[in-house]
Amino acid sequence: MGKTSVREFRYETVSYRNAPSLDRMTTPAASTGPAASRIPEEVHRRRWAILAVLMLSLLIVVLDNSILNVAIKTISTPAPTGLGATQSELEWAINSYTLVFAGLLFSAGLLGDRVGRKKVLLGGLAVFGIGSALAAESGSPAQLIAFRAVMALGAAFVMPATLAVLMNVFEREEQPKAIGLWAGGVGLAIAIGPITGGLLLDHFWWGSVFLINVPIVLLAIALMLWLVPDSRDPNPGRIDPVGVVLSVVGLVLLVYGIIKGGELADFSDPTVLSTIGAGLLVLVAFVLFEKHSDHPSIDVTYFKNKVFSAAISVIALVFFALMGVTFFAVFYTQSVRGYSPLQTGLLMLPLAAAQMIFAPRARLVVDRFGIKVTTTTAMLVIAATLVAFATLDEDTPIWILEVVFFLMGAGMAHIMTPTSVVIMQALPREKAGSASALSNTFRQVGGALGIAVLGSVLSTAYRTGIEDRLGALPPGLRETAGESIEATLGVASRLGDQGKALVGPADAAFLHAMHVTALWGAGVAVVGAVVVGMFLPGKPKAPRTAEKDEDLVRAES
């Protein structure tokens, strides 16, 4: 090992680095050489304040989506209260953000590695703030979809840079704790978002849920200019415009086809099949191009490592299941149970509280039981909570829903923290932007497909359940009323006494559709449990100690 110092070697002794298959990717010479491991003393002293600023930047990106989850019912309400968005338009309002975000994340990470993460963070925050102000003034669902894409353009530059800066201001032995706190910030945003959204919707118009981002952006920019150091990769990769275009086009076609199939309640429709097929072909072309490119957006050689691939895959699977569930949970609490947006936000507190409590402590569980046992158990807990959703009806005691949300948050915390550490420590510190981007890309793609697939399952099951009760309606209203429970209730309210007969069947059809969708999500979670159980490392038989490392270094020197 030559002249490697004890301090450098000990970076490799954190408990998450216990898979032999990762060793070749994280040896001191490869990942934490002298240049990479030295952190200026003034930066080291400010590291926790810097983490707080990074969490504030992360907060607004996550906050926006958690606020929107509460607001989607209001936005679906006809003007002047909302925009009268259909269920497919609501899915696109969420997915236009997610797809742009996911499609640009990796290039944004590479750009941060090249020009400096602080510069990219500041620029991303500014674009996100401008997009938020424009979204607040949207006059139609189409405008909202477009301005959400602008917000995603900014967010794509914020998310990977926050984790990349974190990896550069913390020593390796502190990184699991810092990542745990960073992941806990996601839980904080999930807690604040629905409550903030509910308060705003109780007192202001729907656009206020986007306008609230602007002052937070201004505060984050000011603190970042003051505290956060800049960093970059001394050997950055080249930007890959062809890869970016292929990935975005492929994902948009695939998701559009899935959403269109749900809207038509017919996945055999030629338009649906051709669009999904075209999306899959473009994504195959993307993978082949990346494999042979000398400057790929995604270095597919990373995925030769089974542990790395499993960690990335389970992140995508857990968000596939959870994003689809949160989409229908809002309609269950507001449309079926009759809760207000603020009450719905408060009902989601256990989900966020569990993440805030357990995310920073998940590393302790991993230290005791190992990554495999921890994450497999957590995925099975999430599967169980999704099965529990399939038992809920309009009279279920609300405390049961609260317990389900809490367990779901606890399961998510014990997946996101350890898998994030595995992914971030699998690549050299100077490639932190790329590692962060990979993690977030798969999370966003998983979430987008979850909303598209499970949203389409929900839409198809609902339309099938309600169509027999819409025969008495005029033909023009029949198709509109069958799109979603909110559309049915909107038509019922316009028909007065005649429409009251639709309320009960609408609730029953939605509950059936929710149960079917939840079981699909549970199946995906079980697949995730199988993946982590097969490929993530178990608990090491004899963890290294600092004294053993020191003796080993002396012996090899």
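Note that the structure is predicted; figures quoted are calculated from it, not measured. These values consider heavy atoms only, across backbone and side chains, with no hydrogens, waters or symmetry-generated copies.
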Notebook entry, point to check: Of all heavy-atom pairs between Asn213 and Met151, which one has the smallest distance, and what is that distance?
Noted result: ND2-CE, 3.8 Å

Next item on the list: Count the heavy atoms belonging to other residues, nucleotides or ligands that lie under 6.0 Å from CH2 of Trp520, then report whether that count exceeds 12.
Entry: no

Next item on the list: To the nearest 0.5 Å, tell me how far Leu317 CG sits from Ile382 CD1.
Entry: 10.5 Å

Note to self: Using side-chain heavy atoms (C-beta onward) and a distance below 4.5 Å, is Phe204 in contact with Ile212?
What the structure shows: no

Notebook entry, point to check: Relative to each other, are the rings of Phe358 and His414 parallel, tilted or perpendicular (30° and 60° limits)?
Noted result: tilted

Check: Which atom names give the shortest non-hydrogen contact between Ser138 and Leu83, and what distance separates them?
Finding: O-CD2, 3.9 Å

Check: Any side-chain heavy atom of Val314 sitting closer than 4.5 Å to one from Thr375?
Finding: no

Next item on the list: Of all the heavy-atom pairs spanning Met514 and Leu458, show the shortest one and how long it is.
Entry: N-CD1, 3.7 Å

Margin query: Going by side chain to side chain donor-acceptor pair (under 3.5 Å), name the residues that satisfy it together with Thr396, two or more places apart in sequence or in a different chain.
Written below: Asp393

Next item on the list: Could you tell me which non-hydrogen atom of Val516 sits nearest to which non-hydrogen atom of Val457, and how far apart they are?
Entry: CG1-CG1, 3.9 Å

Notebook entry, point to check: Nearest heavy-atom pair of Met416 and Phe319: which atoms, and what distance?
Noted result: SD-CE1, 3.5 Å

Margin query: Can you give me the closest heavy-atom contact between Ala354 and Ala413, atom names plus distance?
Written below: O-CB, 4.4 Å

Check: Is any side-chain heavy atom of Val403 closer than 4.5 Å to a side-chain heavy atom of Ile400?
Finding: no

Check: How long is the span from the CZ atom in Phe210 to the CZ atom in Arg148, to the nearest 0.5 Å?
Finding: 5.0 Å

Note to self: Is there a side-chain contact between Leu511 and Tyr332 in this structure, where contact means two heavy atoms from C-beta onward sitting under 4.5 Å apart?
What the structure shows: yes

